[in-house]
Amino acid sequence: MLGIPLFLHKQCCVMTERRKQYPFDHAEKKWQQIWETEKTFRCLNPGDPGFDPSKPKYYALDMFPYPSGEGLHVGHPEGYTATDIVSRYKRKKGFNVLHPMGWDAFGLPAEQYAIRTGQHPRITTERNVDRFRHQLKRIGFSYDWDREVNTTDPDYYKWTQWIFLQLYNCYFDEETRKARPIADLEAKGLSGKEIDEKRLAYVAEVPVNWCAELGTVLANEEVVDGKSEVGGFPVERKPMRQWMLRITAFADRLIDELDGLDWPIGIIKRQRDWIGRSEGAEVDFKVAGSGEILRVFTTRPDTLFGATYMVLAPEHPLVDQLTTDSQREAVTLYKEDVSRKSDRDREEAKEKTGVFTGGHAINPVNGEQIPIWIADYVMISYGTGAIMAVPAHDDRDFEFATKFGLPIVEVVQRPENQSGDGCFSGQGVAINSPLIDGLPTAEAKSKIIAWLESEGAGEMKVNYKLRDWLFARQRYWGEPFPIVWENGRHRPVSVDELPVSPPDMDDFKPTGTIDPPLAKATDWVRYSEAAMRETNTMPQWAGSCWYYLRYCDAQNSDRFVGKEAESYWLGGGNHGGVDLYIGGTEHAVLHLLYSRFWHKVLYDLGHVSTIEPFHKLVNQGLIMGEDGRKMSKRWGNVVDPLDVIAEYGADSLRLFEMFMGPLEQVKPWSTKGVEGVHRFLARAWRMFMEADQEGEWKISDRIQESEPTKGQLKVLHETIKKVTEDCESLSFNTAIAQMMVFVNELTHEPVRPLSVLVEFLNVLNPFAPHITEELNEQLCAHFPSLGNRTIADQPWPEWNEEYLIQSEIEFVIQVNGKLRDKMTVSVDIGNDELEKLALDSEKIQPFTEGKTVRKVIVIPGKLVNIVAN
RNA sequence: GCCGGCGUGGCGGAAUGGUAGACGCGACGGAUUCAAAAUCCGUUGGGGGUGACCCCGUGCCGGUUCGAGUCCGGCCGCCGGUACCA
């Protein structure tokens with residue numbers, strides 16, 4: 001195995017040599033070095049020396065990555081390349097462009113690694129960040145690295161904690177629908193306890209997904225099949241004291257204020273669905289033979305007369321009290337049964353189950369007694385955990401009633417055009433409902449709600465699927481809360497104590513109890529004689545909620561973002577907010593919702609100038625492995641951008657990322673495809689350069705300071721137009737195709753006018769910044785008339801429609817919509833003449849012979865269609 | 001089940017209701033070469049014809065239109081999201 005056959009080895013070297021069709025390796029490193037040392041893409045803020053206030057601003061943002069131990073794969077730079085092209089394009093269009101990058105670096109993997117190895121998460125995090133930064137720099141992105149942020153940096157999380165204190169120190173005012181300082185409440189004379197109940201950051205005892213093995217609570221989406229997603233450890237539901245954020249107060253605004261946003265409709269819809277607003281009524285049912293009241297939520301109060309039984313969630317607090325002795329055993333068994341089922345089991349159960357409690361409730365509209373059942377198709381976590389069952393008009397109730405032989409009473413007349421029997425859950429006209437008979441559903445609803453309200457038996461109610469945000473984690477590697485506890489009460493630390501840094505520890509293992517690892521740092525926890533520090537940390541979402549704000553003014557040590565910087569980068573322009581935000585769909589709901597929530601609070605408190613943070617959002621599609629499977633270690637199909645760069649160069653990588661297909665689409669990686677765009681760049685190179693006898697590259701003799709021909713101007717201006725429009729619409733794949741067309745044409749020209757080639761370098765530059773700068777430099781050295789300049793500084797060229805006009809146009813002649821002939825005629829030919837030419841065409845004759853020409857349609861500049869039969 | 005998105009050559013993909021398949025990959029043929037690689041030129045949706053040309057073709061069925069990949073209705077398939085939300 002030791003002796004590698006020599007010929008193989010040799011062939012291998014030859015392969016590498018042959019692929020370097022132009023000296024990309026040297027040129028790319030050179031220009032990256034220049035950009036680094038000269039801070040070419042440094043972006044100035046208002047007030048900075050040299051800042052040009054006359055330019056419009058453009059903020060192009062990437063979703064910043066979690067710097068994992070694996071490094072980037074070629075999927076990551078897809079969105080980054082898109083924003084980088086737009087950034088470089090906009091700079092050339094005369095914008096001040098903010099294009100930053102940073103690290104979402106708190107998180108579980110670094111902590112898990114620390115638990116296994118004892119190595120401090122700061123060390124691994126730093127190493128991973130270095131690797132990510134190195135990879136990104138090798139791709140040649142035009143980030144302003146002076147604005148790099150890292151959520152684990154004390155200068156950063158200081159302000160994360162500061163924002164938490166803003167949330168802690170304000171409440172939601174129902175009247176103005178705005179966050180207000182709690183000073184308002186103090187002025188009104190509310191007690192400390194009453195105020196604590198209104199804060200946007202509050203403490204509550206809530207059931208959580210507790211994973212003892214990981215020693216932390218998990219979000220619902222981190223629990224799969226009743227086990228932790230990471231490690232597969234058992235997860236149990238248990239009530240725990242937790243920090244919560246009152247996002248539900250903003251539910252309506254989070255829906256309504258989506259309106260002006262330029263987001264994919266799918267994402268808007270998912271946000272709406274997640275918030276899950278539904279309008280209806282809460283109705284009180286008295287429990288027969290006791291003073292208890294059972295409250296239910298329904299979106300169809302108009303069907304109240306059809307409620308033939310009631311169902312409580314098995315976990316409902318009144319179940320035990322309602323259960324009669326004869327049913328007690330069955331109820332207890334059922335509850336045990338349900339508690340053993342995982343959420344997944346419960347969801348997948350096809351057959352409805354449930355038991356009768358023995359108790360009865362009284363329907364407020366007609367005084368009828370209806371049986372009370374418990375069943376696991378009713379969830380304790382939604383509405384009131386109890387429903388009135390209307391089997392005639394609800395599919396689930398219908399299924400349940402049919403199975404258990406419960407009565408079904410129709411109270412909505414289905415419209416005549418909708419036939420069928422069984423359950424009807426649509427809108428119709430109320431029947432068998434004395435108070436509302438004959439009314440269509442909408443009116444019936446409002447009348448019955450008015451009646452309930454007058455009787456004190458219910459009220460209109462809006463329910464949301466959205467829950468308050470569980471904001472605490474039992475972890476080490478996260479932002480500590482700037483909170484201390486004294487005599488069972490919490491209070492904030494003073495702002496000048498920020499940042500509250502995590503203590504240095506060697507042992508990051510979970511404590512084995514519900515106490516977070518920070519509890520082990522007893523010196524740190526003891527804040528004073530009487531007060532103890534909060535030992536929970538914030539979830540990873542916290543740092544990513546506001547990083548786009550910090551980029552505006554990343555070095556500011558007095559404020560989370562300077563007022564002027566914030567209002568310039570986020571407030572200016574036609575709309576507010578980030579002008580372009582590109583990232584994956586995996587953040588369609590949570591990250592974007594949480595960010596929007598914080599932003600709105602900061603807006604209400606006067607700290608930011610827009611109601612929404614992200615004006616335009618685009619999701620890039622996943623890049624699959626070459627085998628069509630998702631890129632993962634498991635399949636061994638992961639492609640490292642650095643390997644691609646070593647073989648074909650960064651420009652080829654960038655170009656191929658964009659050439660694969662539409663940005664939003666899922667598409668597979670292809671090494672052959674990279675070779676394709678690499679060949680294109682090599683052809684572009686050879687359009688400028690040729691190798692002399694010694695194999696040295698020099699400017700081609702065919703490039704001359706000559707007048708361009710009409711044809712050359714035409715293809716150039718077509719290219720400028722196409723690339724400009726495609727940059728605006730993010731259709732980079734077709735922009736590249738057009739540039740290929742340009743190179744194919746110009747390559748064949750015996751003389752290539754300098755002016756034409758220079759403009760081409762301008763449009764190619766945002767896509768392939770290294771090769772274009774290198775060629776430009778060579779041109780400048782050879783043609784003194786160009787002066788000494790860089791391509792990135794040159795303005796984006798305008799296209800001239802005049803050059804696009806052709807003197808002769810090829811017309812298509814159709815008979816009955818089918819292509820039969822083509823002819824080339826002068827552009828200024830009249831429609832009548834064209835029509836005549838078409839009818840007289842020899843090739844057309846056979847198709848019109850013996851037929852009557854009914855109509856001739858002439859589309860100027862395109863075609864003639866003869867209708868004949 | 002429900003809600004999105006998408007079905008176009010061997011493959012990735014182009015096509016303001018107006019020449020379907022731009023551009024790229026692959027394949028085939030040729031030039032160059034001792035030979036190869038690289039490069040350059042040509043062909044490349046299917047079928048028929050010596051040929052000029054002809055017929056068929058954008059998942060399937062129907063509709064609107066002078067004209068449909070594109071618009072409308074109904075199906076089928078794939079991908080993503082979501083799930084007893086009362």
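All chains are named by letter (A, B, ...) in the order of the sequence lines, taking the proteins before the strands, and each is independently numbered beginning at 1. The basis for the numbers below is simple: all heavy atoms, side chains too, and nothing from hydrogens, waters or symmetry mates. Predicted model, so just to flag it, every value in this text is computed and none were measured.
- Between A:His678 and B:G24 there is no side-chain polar atom (N or O) within less than 4.0 angstrom of OP1 or OP2.
- Partner of A:His678 under the ring-ring contact (aromatic ring centres under 6.0 Å, His included) criterion, chosen from A:Trp685, A:Tyr648, A:Phe656, A:Phe659: A:Tyr648.
- Taking the P atoms as reference points, B:G17 lies 8 Å from B:C71, given to the whole Å.
- In this structure the side chain of A:Phe285 reaches within 4.5 angstrom of the side chain of A:Ile370, judged on heavy atoms.
- Between the OH atom of A:Tyr22 and the C1' atom of B:A38 there is a distance of 16 Å, rounded to whole Å.
- Atom NZ in A:Lys822 sits 14.0 Å away from atom CZ in A:Phe811 (nearest 0.5 Å).
- Per the geometry, NE2 belonging to A:His316 stands 17 Å off P belonging to B:A86, to the nearest Å.
- The phosphate of B:G26 (OP1 or OP2) has a side-chain N or O of A:Lys672 nearer than 4.0 angstrom.
- Taking 4.0 angstrom as the limit, A:Lys855 places a side-chain polar atom (N or O) nearer than this to OP1 or OP2 of B:C66.
- Across the P atoms, B:C11 and B:U58 are found 15 Å apart, a figure rounded to whole Å.
- The phosphate of B:G24 has OP1 or OP2 within less than 4.0 Å of a side-chain N or O from A:Asn744.
- Nucleotides B:C56 and B:C6 place their C1' atoms 26 Å apart, quoted to the nearest Å.
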Problem - Footprint string (nucleotides 11-20 of chain B, 5' to 3'): B base within contact, S backbone only, - free, heavy atoms under 4.0 Å - result: -BSS---BB-
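- Contact annotation: A:Arg679 side-chain N/O to B:C40 OP1/OP2 distance is not under 4.0 Å.
- Going from the C1' atom of B:C76 to that of B:G62 covers 15 Å, rounded to whole Å.
- Distance CG (A:Asn619) to C1' (B:C79): 15 Å, rounded to an integer number of Å.
- Residue A:Phe656 is out of contact with every strand shown, counting any heavy-atom pair closer than 4.0 Å.
- Between B:U8 and B:A22, the two C1' atoms lie 13 Å apart (nearest whole Å).
- Taking CD from A:Gln814 and CD1 from A:Ile866, the interatomic distance works out to 9.5 Å, rounded to the nearest 0.5 Å.
- Of the C1' atoms belonging to B:C28 and B:C34, the separation is 25 Å, rounded to the nearest Å.
- When the C1' atom of B:A86 is taken as reference, atom OH of A:Tyr464 falls 17 Å away, rounded to whole Å.
- Using a 4.0 Å heavy-atom cutoff across all strands shown, A:His393 reaches no nucleic acid atom at all.
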Handout entry: Watson-Crick and G-U pairing of RNA chain B, under 3.5 Å, as dot-bracket with | and [ ]
Key = (((((((..(((.....[....)))((((((.......))))))((((....))))..(((((..]....))))))))))))....
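- Nearest-nucleotide assignment on RNA chain B puts the 5′-proximal partner with A:Lys269, out of A:Lys269 and A:Gly385.
- Backbone-only engagement by A:Thr298 is indicated by non-hydrogen atom pairs under 4.0 Å involving sugar-phosphate atoms exclusively.
- Classification of the A:Phe424-A:His393 ring pair by plane angle, with boundaries at 30° and 60°, yields perpendicular.
- At whole-Å resolution of the value, CZ in A:Phe680 and P in B:A22 are 17 Å apart.
- Only the P atoms considered, B:U44 is 11 Å distant from B:G21, to the nearest whole Å.
- Here the CG-NZ distance, from A:Asp397 to A:Lys352, works out to 8.5 Å after rounding to the nearest 0.5 Å.
- Applying the 6.0 Å contact sphere to NZ of A:Lys630 captures no more than 12 heavy atoms from other residues, nucleotides or ligands.
- Checking A:Asn463 against A:Ser278 by side-chain atom types alone, no donor-acceptor pair falls below 3.5 Å.
- The side-chain heavy atoms of A:Gln738 and A:Lys721, taken from C-beta on, include no pair separated by under 4.5 Å.
- Remark: P of B:G1 and CG of A:Asp394 are 19 Å apart, rounded to the nearest angstrom.
- In terms of position along RNA chain B, the nucleotide closest to A:Ile265 lies nearer the 5' end than the nucleotide closest to the other residue of the pair A:Ile265 and A:Asn463.
- Atom-to-atom, CD1 of A:Ile387 to C1' of B:A86 comes out at 6 Å; the value is rounded to the nearest Å.
- A donor N or O paired with an acceptor N or O is found under 3.5 Å between the base of B:C84 and the side-chain atoms of A:Lys352.
- Residue contacts shown for A:Gly673 are absent, as no nucleic acid heavy atom lies under 4.0 Å away.
- Aromatic ring orientation, A:Phe400 versus A:Phe404: tilted (interplanar angle from 30° to 60°).
- Looking at A:Arg702 and A:Glu690, no side-chain N of the basic residue comes within less than 4.0 Å of a carboxylate O on the acidic one, giving no salt bridge.
- The CZ atom of A:Arg854 sits 14 Å away from the P atom of B:C66 (whole-angstrom rounding).
- Under the 3.5 Å distance criterion, with hydrogens and angles disregarded, a donor-acceptor pair is assigned to the side chains of A:Thr734 and A:Asp726.
- Comparing the same atom, C1', in B:C2 and in B:G67 gives a spacing of 38 Å after rounding to whole Å.
- Remark: A:Arg820 is in phosphate contact with B:C55, judged by side-chain N or O atoms under 4.0 Å from OP1 or OP2.
- Base orientation for B:G9: syn, the chi torsion being within 90° of 0.
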